[in-house]
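Numbers here simply count residues along the sequence, with the first being 1.
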Amino acid sequence: MEIKIMQDVLAANENTAEENAKLFRDKRVLAVNLMASPGAGKTSFILRTIAALRDAYNIAVIEGDLASKVDAEKIKAQGIPSIQINTGGGCHLEASMIRQAADCLDLDDVDLLIIENVGNLVCPADFTLGESARVLILSVPEGDDKPHKYPFIFKGCDILIVNKVDMLELTDFSMERLENVVSSLNPDVKTVPLSCRTGDGFDVWLSWIKERLADSRSRM
C-alpha cells in the first residue's frame, strides 16, 4: 500500500511538472532546478550569476527552504523578483509548489527562472518540477565520495558544478576521482570546477547557461 501511495504521489507530480514545462516553453522561460546540500553555496552561486547576467537577461528566483526568508531577502535586495516557498519540514520542492509560485511572477518578463531547491541530495532527485535543466552543486568540503552515496541525483543532472575549488589544497578531494565516478553514472554530464568566492571558473558556467538561454529565446 505504501508503495502505491508513493507511485500515486510521483505520478501526480509528474503530470503537474509536464504542465509547468509547457508553460515555461510557451513563455520562452529557461527554468533551472538548482540542487545541492546545505552549505554547498547555492545562494552565493545565484547571486554571482545574477550579477553577471542581469544586464542582458531578465531573471527571477524561486527559493525553497524549510523555513525563513533569509535567502529570498538576499535576492530581493538585488532588485530581482523572488518568491519564497517554505515547505514546513518537507525536504524537496514539488511541481505544484512551483506552479503556485510561477503564478505570482510575470513570466512574460522573465528569461531565466532559477529554482533553488531545498538543500539535500536525496528527495529533489525524485520530483521533477517542469524545469528546463537540472544543475547540481557539490562543494569541495563535502568530499569526492558523494556520487557513491547519492548516485541518483548525479545520474539526473545536466551539469555538475564543483564549488569552492579554492579550498582544494586544504582537503584530500580529488577532481579526477570525482569525474571518474560521475562519468560512469552520467556520461553526458558536464563538470565545471569553480569558486563562487574568487570567481575562478565561473566563465565556463556562464557560457553554458548563455547557450541555453539563446536556445530558449529562439523557440517559437
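Glu19 and Thr16 form no side-chain donor-acceptor contact under 3.5 Å, judged by distance and modelled atom types alone.
For the atom pair Lys42 NZ and Ile161 CD1, the distance stands at 13.5 Å (nearest 0.5 Å). Between atom CG of residue Asp158 and atom CG of residue Asp188 there is a gap of 9.5 Å, rounded to the nearest 0.5 Å. Between atom CD of residue Glu18 and atom CG of residue Leu23 there is a gap of 14.0 Å, rounded to the nearest 0.5 Å. Distance check: Ile153 CD1 to Asn120 CG gives 7.0 Å after rounding to the nearest 0.5 Å. Going from atom CG of Leu206 over to atom CZ of Arg48 covers 9.5 Å, rounded to the nearest 0.5 Å. Note that the SG atom of Cys157 and the CG atom of Leu136 stand 5.0 Å from one another [nearest 0.5 Å].
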How far apart are the C-alpha atoms of Glu63 and Ser82, what are their side-chain angles, what is the distance that settles it, and do they pass the side-chain hydrogen bond (donor to acceptor under 3.5 Å, both in side chains) test? CA-CA 7 Å; Glu63 286 281 351; Ser82 177; 5.3 Å; no
If you apply the rule side-chain contact (heavy atoms from CB on, under 4.5 Å), what do you find for Val32 with Leu113, and how did you get there? CA-CA 6 Å; Val32 171; Leu113 175 62; over 6 Å; no
Check step by step if side-chain contact (heavy atoms from CB on, under 4.5 Å) holds for Leu10 and Phe127. CA-CA 7 Å; Leu10 290 174; Phe127 288 81; 3.9 Å; yes
side-chain contact (heavy atoms from CB on, under 4.5 Å) between Trp205 and Ile159: does it pass, once the steps are laid out? CA-CA 9 Å; Trp205 153 249; Ile159 183 169; 4.1 Å; yes
side-chain hydrogen bond (donor to acceptor under 3.5 Å, both in side chains) between Asn33 and Asn117, intermediate numbers included: CA-CA 7 Å; Asn33 182 3; Asn117 217 314; 3.2 Å; yes
Applying side-chain contact (heavy atoms from CB on, under 4.5 Å) to Leu160 and Val182, what does each step give before you reach the verdict? CA-CA 9 Å; Leu160 171 62; Val182 170; 3.9 Å; yes
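Of all the heavy atoms in Ile137 and Ala36, the pair that sits closest is O-CB, 3.3 Å. Nearest heavy-atom pair, Phe45 versus Cys196, reported as atom, atom and distance to 0.1 Å: CA-SG, 3.5 Å. Nearest approach of His148 to Pro151, heavy atoms of both residues: O-CD, 3.8 Å. Looking at every heavy atom in both residues, Pro147 comes nearest to Leu178 through CG-CD1, 3.5 Å. Of all heavy-atom pairs between Lys164 and Gly39, the closest is NZ-O, 2.6 Å. Summarising the geometry of Gly64 relative to Gln84, their closest heavy-atom pair is C-NE2, 4.2 Å, with the distance given to 0.1 Å.
With hydrogens and angles ignored, the 3.5 Å screen pairs a side-chain donor or acceptor of Asn186 with a backbone N or O of Lys155. Judged by distance alone, with hydrogens and angles left aside, the side-chain atoms of Asn20 form no donor-acceptor pair with the main-chain N or O of Glu131 at under 3.5 Å. Within the 3.5 Å criterion, the main-chain N or O of Arg212 finds no donor-acceptor partner in the side chain of Ser216. Side-chain atoms of Ser132 never come within 3.5 Å of backbone atoms of Leu30 as a donor-acceptor pair (strictly under, hydrogens ignored). No donor-acceptor pair closer than 3.5 Å links the side chain of Asp166 to the backbone N or O of Ser195. Of the possible polar contacts, none joining the Ser44 side chain to the Gly41 backbone as a donor-acceptor pair under 3.5 Å is found. Listed for the Glu142 side chain is no donor-acceptor partner under 3.5 Å among the backbone atoms of Val140.
Contact of the Arg134 side chain with the Met35 side chain is registered, since non-hydrogen atoms from C-beta on lie closer than 4.5 Å. Taking the side chain as every heavy atom from C-beta outward, Phe152 and Val122 never approach each other to under 4.5 Å. At least one side-chain heavy atom of Phe173 sits under 4.5 Å from a side-chain heavy atom of Val162. Between Leu213 and Leu112 there is a side-chain heavy-atom pair separated by less than 4.5 Å. Put simply, the side chain of Thr49 reaches to within 4.5 Å of the side chain of Phe202, judged on heavy atoms. Thr43 has its side chain within reach of Glu116: a pair of non-hydrogen atoms, C-beta onward, lies under 4.5 Å apart. Using a 4.5 Å heavy-atom cutoff, the side chains of Asp200 and Leu194 are not in contact. Within the 4.5 Å cutoff, no side-chain heavy atoms of Val61 are placed close to those of Pro81.
Across Ile85, Leu34, Leu93, a single residue satisfies side-chain contact (heavy atoms from CB on, under 4.5 Å) together with Ile115, and that is Leu93. When the options Leu105, Leu107, Asp106 are evaluated for a side-chain contact (heavy atoms from CB on, under 4.5 Å) with Lys27, the one that passes is Leu107.
Salt bridge annotation for Arg177-Asp144: present, with a cationic side-chain nitrogen under 4.0 angstrom from a carboxylate oxygen.
Linking ILVMFWY side-chain heavy atoms closer than 4.5 Å, directly or via other members, places Met175 and Val204 in two distinct hydrophobic clusters. Grouping the Ile, Leu, Val, Met, Phe, Trp and Tyr side chains by contacts below 4.5 angstrom, directly or via other members, places Val135 with Val192. Taking hydrophobic clusters as Ile, Leu, Val, Met, Phe, Trp and Tyr residues chained together by side-chain heavy-atom distances below 4.5 Å, Val118 does not share a cluster with Leu138. In this structure, Trp208 is a member of the same hydrophobic cluster as Ile59, with clusters built from ILVMFWY side-chain heavy atoms closer than 4.5 Å.
The salt bridge (Lys or Arg N to Asp or Glu O under 4.0 Å) search around Lys210 returns none, not counting sequence neighbours.
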Side-chain donor-acceptor distances from residues 94-103 under 3.5 Å, at least two apart:
| from | atom 1 | to | atom 2 | distance (Å) |
| --- | --- | --- | --- | --- |
| Glu94 | OE2 | His92 | NE2 | 3.0 |
| Arg99 | NE | Asp103 | OD1 | 3.4 |

